[in-house]
Every structure is written in structure tokens, then in C-alpha cells.
Amino acid sequence: MRHLLSGSVLAAALVLPAACVTINVYFPEAAAQKAAEQFVDKVIGPAVEPSQPPAEPPPGRSPAAMLLDLVVPSAHAQGADITIQTPQIQAIQARMRQRFSTTLAKYCASGAVGFTRDGLVAVRDAASVPLAERAAVNAAVADENRDRQAVYREIALANGHAEWEGQIRDTFARQWIQQARPGWYYQDPSGAWKQK
């Protein structure tokens, strides 16, 4: 009995430390920002303003956690790149580029369509669209939003982290607005429309 008990204690002692090991995979914000910049550039053209680093640390990252990253850089299990070069993502990007050049650019320039704060597009001023064109604009906006939602999901899946979809959407939302042309409309964080 004593031998059996000591064997159980030894097994528990070996399992307990292994159960306490947690590997946190942090969202690579800088890599996502670079990927978003490249993606948006191919859809609407080069940015009109230079990229600026994020003004504050990514959400959920305390100063202590960032200090730990400096001391123990191997704590990150994810590499520094975000994959955006899968066939699915490239097919979505090609549709978006085509739609943008044939329809959406015109309506962004007129102010009828704008970029939303959540990484989508919206008809901002339907009255500025001729009645005969409204159905086509609404269809283009719906198709664009469907593709945008799909691309955010596909990028998260291509990188093995479905849980990153929201963070990818947020990163792309900032990039769409940053690369918008002067005169285009976008929503600020409160949802109010602003003109760039």
C-alpha cells in the first residue's frame, strides 16, 4: 500500500506542474497592421498618409506583460507575420479590388458611401445617389460587406487563430480609414460621420 501511495504522489507531482503551464498567444498587432496596409493598398491604392505606429498598447496588454515580453521574448508562441496570401483571401481581394474600381470609388468620392468604424462600408447619403443607381449601390455595399467579413474570418483561420477575427477586423477598420482619400467619409469611434 505504501508503494502504491508513493507512486500516486509521484505521478501527481509530475502532472501538477505540467497542468500549470500556460502559453499565451498574443495577437501580433504590428504584423496585422502591416498586412492590413498591404491588403487595403491593393484594393484602393497606396495610402495617402504614412503609416503611424499605434499610439497605445494593444488592448489587454499591461505594462507588466510588455516588460515580461522584453525579459522573456520566447513567451510568444506566434511568429511575427500574418498570412494574407491564401487562394481564398486573394480571391476575395480580387473581387473587392474590381468592385472598388468599378463602383465604390465613385460613391466614396461623392460622399454617398463611407467607411464604418467596424471595418465595413455603408451608404451614408442615399439622396446623393441618382434613383436609377441606388439598387446597384446598395448591392455593391452588401457584396463588399460580405467580402470584408469573409476576409477577416479567412485571415484569422489562415493564421490558425479563429479567435483573432475581431482584432483583425479592428486593425483593418483603422487601415481602411487611414488610407481613405481626402474628401471621403468615415465614422469616428463614436459612430459620427467625418470627412477626411
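Everything numeric here is computed off the predicted structure, so don't read it as measured data. Hydrogens, waters and symmetry mates play no part in the numbers below; they use all other heavy atoms, side chains included. Counting begins at 1 with the first residue of the sequence.
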Please evaluate residues Met96 and Leu104 with respect to the criterion side chain to side chain contact (heavy atoms under 4.5 Å, CB included), reporting the C-alpha separation (whole Å), side-chain torsions for both, the decisive distance (0.1 Å), and the verdict. CA-CA 9 Å; Met96 292 171 73; Leu104 292 179; over 6 Å; no
Hey, can you tell me if Phe172 and Phe39 have their rings parallel, tilted or perpendicular (30° and 60° cut-offs)? perpendicular
Does any donor atom in the side chain of Glu154 or Thr86 lie under 3.5 Å from an acceptor atom in the other side chain? no
Is there a donor in the side chain of Glu37 and an acceptor in the side chain of Gln179, or the other way round, less than 3.5 Å apart? no
Below 6.0 angstrom between ring centroids: does that apply to Trp193 and Tyr185? no
Under 3.5 Å donor-acceptor, Asp188 side chain and Lys194 backbone: no
Between the side chain of Asn159 and the main-chain N/O of Ile155, is any donor-acceptor distance below 3.5 Å? yes
pair Thr116-Tyr186: side-chain heavy atoms closer than 4.5 Å: no
In chain order, what residues pass the side chain to side chain donor-acceptor pair (under 3.5 Å) check against Thr103, with sequence neighbours excluded? none
Could you measure the distance from the [atom1] atom of [X] to the [atom2] atom of [Y]? Nearest 0.5 Å is fine.
X: Gln85; Y: Gln90; atom1: CD; atom2: CD; answer: 4.5 Å
X: Asp118; Y: Gln187; atom1: CG; atom2: CD; answer: 7.0 Å
X: Ile44; Y: Cys108; atom1: CD1; atom2: SG; answer: 8.0 Å

SB check Arg174 Glu29 (cutoff 4.0 Å): yes
Take Val141 and Tyr107 through the side chain to side chain contact (heavy atoms under 4.5 Å, CB included) test and state the conclusion after the steps. CA-CA 10 Å; Val141 166; Tyr107 295 105; over 6 Å; no
Under the salt bridge (charged side-chain N to carboxylate O under 4.0 Å, His left out) test, residues paired with Glu144 that sit two or more places apart: Arg99, Arg148
